[in-house]
Amino acid sequence: MAKIKAIRGMNDILPDQTPIWQYLETEVKRVLASYGYSELRMPIVEQTDLFKRSIGEVTDIVEKEMYTFEDRNGDSLTLRPEGTASCVRACEEHGLTFNQVQRLWYMGPMFRHERPQKGRYRQFHQIGVETFGMQGPDIDAELIMMTARLWRRLGLDQAVKLHLNTLGSAEARARFRDDLVAYLSEHVDKLDADSQRRLSTNPLRILDSKESSTQELLNEAPHFHDYIDDESRHHFEQLCALLDSAGIAYEVNARLVRGLDYYGKTVFEWITDQLGAQGTVCAGGRYDGLVEQLGGRPAPAVGFAMGVERLILLLETLQAVPEYVHQKIDIYAIAMGDDALADMFGIVEQLREESELRVQLHCGGGSFKSQMKKADKSGARYALLLGDDERRSGVVTLKPLREAADQKQINTAALTAELVAIYAAEQE
RNA sequence: GUGGAUGUAGCUCAGUUGGCAGAGCUCCGGAUUGUGAUUCCGGCGGUCGUGGGUUCAAGCCCCAUCAUCCACCCCA
């Protein structure tokens, strides 16, 4: 019988990886909490129309990457390919955007049917942050400063660069797009094949083309600079000024275009050159029109999303994960003989009751030697030994595994106090 | 969706012009009593991704298929 395997592009996250995930999630939550953001949890499945109406009908995501299926009652449902649409839907549905300000975050799996490669999977995880009800560049700046703080905290700040751009108002963008398409249509023959296709699907994406011939052609093309509306220009200038005074370095990248239709004005990406083709580790922007587009009363909004797998890849390639993250046991307890084992259960339970120490009791038998080997491999700093000798004198043996110090016997009643003192001294 | 590379033990990988399926690591046991990491000895472990074909004989050659990785596209 053929073995059942995980679905392509959907990965198990194994025990040697989960500590890194927990570390990243913990640090992100701390930063978010320090800015007063609240968590929102949404369903993973939504009505298909939600994504069609928000992301854009002709985007690759909607056209060919969504996991869409029929519910038993015939409704078309879709595994969420991103979080913003769900978040807006949830906020709107519960009145959270009605005349109020919101600062929210969520984390969880997203689904896109793409060909997997490094940093790109069919089930992947994002941590998303969305804000509503604030139209000025101050909140744009706050979001960017928050991400910058996170990179510093994670030790990634030297490896990522901030790219910044403005897409202007919907009207300005539309005029620019029309003129750009008109110009490029006259030179279709000089465009690379991909860009020819984009001409009808997502012409702004052509600005991002990697073909040098296409880039040459673009030098003579209309420039968005000449189309931007005054309000967007001011918004962008103020944002840049705020980032300047906060000491945050950025590169204005006029070719930076986001793939989703709902973005306008500010867009930004944090990019690394350490991960191969999937360099964008965090990206977002302003989407003032989306709430209204989804049927709500108009509300300005800005947000971004981080790719968790990509951040973890980056942490690993930079070897930026602190050593303690992989340390899961403080004490490994070994008992020799059935009577000692019964006593040891009581001792380790009391230790757990009276301290925060992480104590693992050896189970499953084996020779004393093999138990010592397991103690060593566990990474614990101490082995706690109990045999007939110790039981006779009411003590346990504490054996250091990581330093060249002698083992010593400790009165069982004083064990917790002794260990807590040792670990407290270690903290200083 | 397109292109390239790769599938052999739990892991990392050898395997010659086609001729008995291998190593290292891990795991288990041992090197005189209850002391780990180094060392030495022994052991467990494989439908060679899967299905066909060629051949006296296939891990190796041919076809198909699946999966993984990398890149394109797209995106976090």
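Lettering of chains follows the sequences in order, A, B, ..., and the numbering in each one begins at 1. Hydrogens, waters and symmetry mates play no part in the numbers below; they use all other heavy atoms, side chains included.
- When base pairs are accepted only as Watson-Crick or G-U wobble with both N-N or N-O distances under 3.5 Å, RNA chain B takes part in stems of 3 or more pairs at B:1-7 with B:66-72, B:10-13 with B:22-25, B:27-31 with B:39-43, B:49-53 with B:61-65.
- For B:rC70 and B:rG30, the P atoms lie 43 Å apart once the distance is rounded to whole Å.
- Comparing B:rC11 with B:rG45, their C1' atoms sit 13 Å apart, to the nearest whole Å.
- In terms of polar N and O atoms assigned as donor or acceptor, the side chain of A:Arg310 comes within less than 3.5 Å of the base of B:rC75 in a complementary pairing.
- B:rG4 and B:rC63 have their P atoms separated by 14 Å, given to the nearest Å.
- A:Arg310 places a side-chain N or O within donor-acceptor distance of the main-chain N or O of A:Gly119, the cut-off being under 3.5 Å.
- B:rA5 and B:rU55: their C1' atoms are spaced 29 Å apart (whole Å).
- One finds a salt bridge joining A:Arg381 and A:Glu403 here, because a Lys/Arg side-chain nitrogen approaches an Asp/Glu carboxylate oxygen to under 4.0 Å.
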Classify every nucleotide of nucleotides 31-44 of chain B by which part a protein heavy atom approaches to under 4.0 Å, writing B for the base, S for the sugar-phosphate alone and - for neither, in 5'-to-3' order.
---BBBB-------

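- Because its NZ or CZ atom is not both nearer than 6.0 Å to the ring centre of A:Tyr35 and within 45° of the ring axis, A:Arg149 does not count as a cation-pi partner of that residue.
- Residues forming a salt bridge (charged side-chain N to carboxylate O under 4.0 Å, His left out) with A:Arg286 (at least two apart in sequence, or on another chain): A:Asp140, A:Asp288.
- A salt bridge links A:Arg30 and A:Glu27; the closest N-O separation between the charged side-chain nitrogens and carboxylate oxygens is under 4.0 Å.
- Rounded to whole Å, the C1' atom of B:rG24 lies 23 Å from the corresponding atom of B:rU68.
- For a distance-only test at 3.5 Å, the side chain of A:Arg115 qualifies as a donor-acceptor partner of the base of B:rU2.
- Of the P atoms belonging to B:rC48 and B:rA58, the separation is 12 Å, rounded to the nearest Å.
- Note on A:Ser370: only backbone sugar-phosphate atoms sit closer than 4.0 angstrom, heavy atoms only; bases stay farther off.
- A salt bridge between A:Asp376 and A:Lys373 is absent, with no side-chain N of the basic residue lying under 4.0 Å from a carboxylate O of the acidic one.
- A:Gly9 comes within 4.0 angstrom of the backbone, heavy atoms only, and of no base.
- In this structure, A:Glu114 pairs ionically with A:Arg120, as a charged nitrogen and a carboxylate oxygen lie closer than 4.0 Å.
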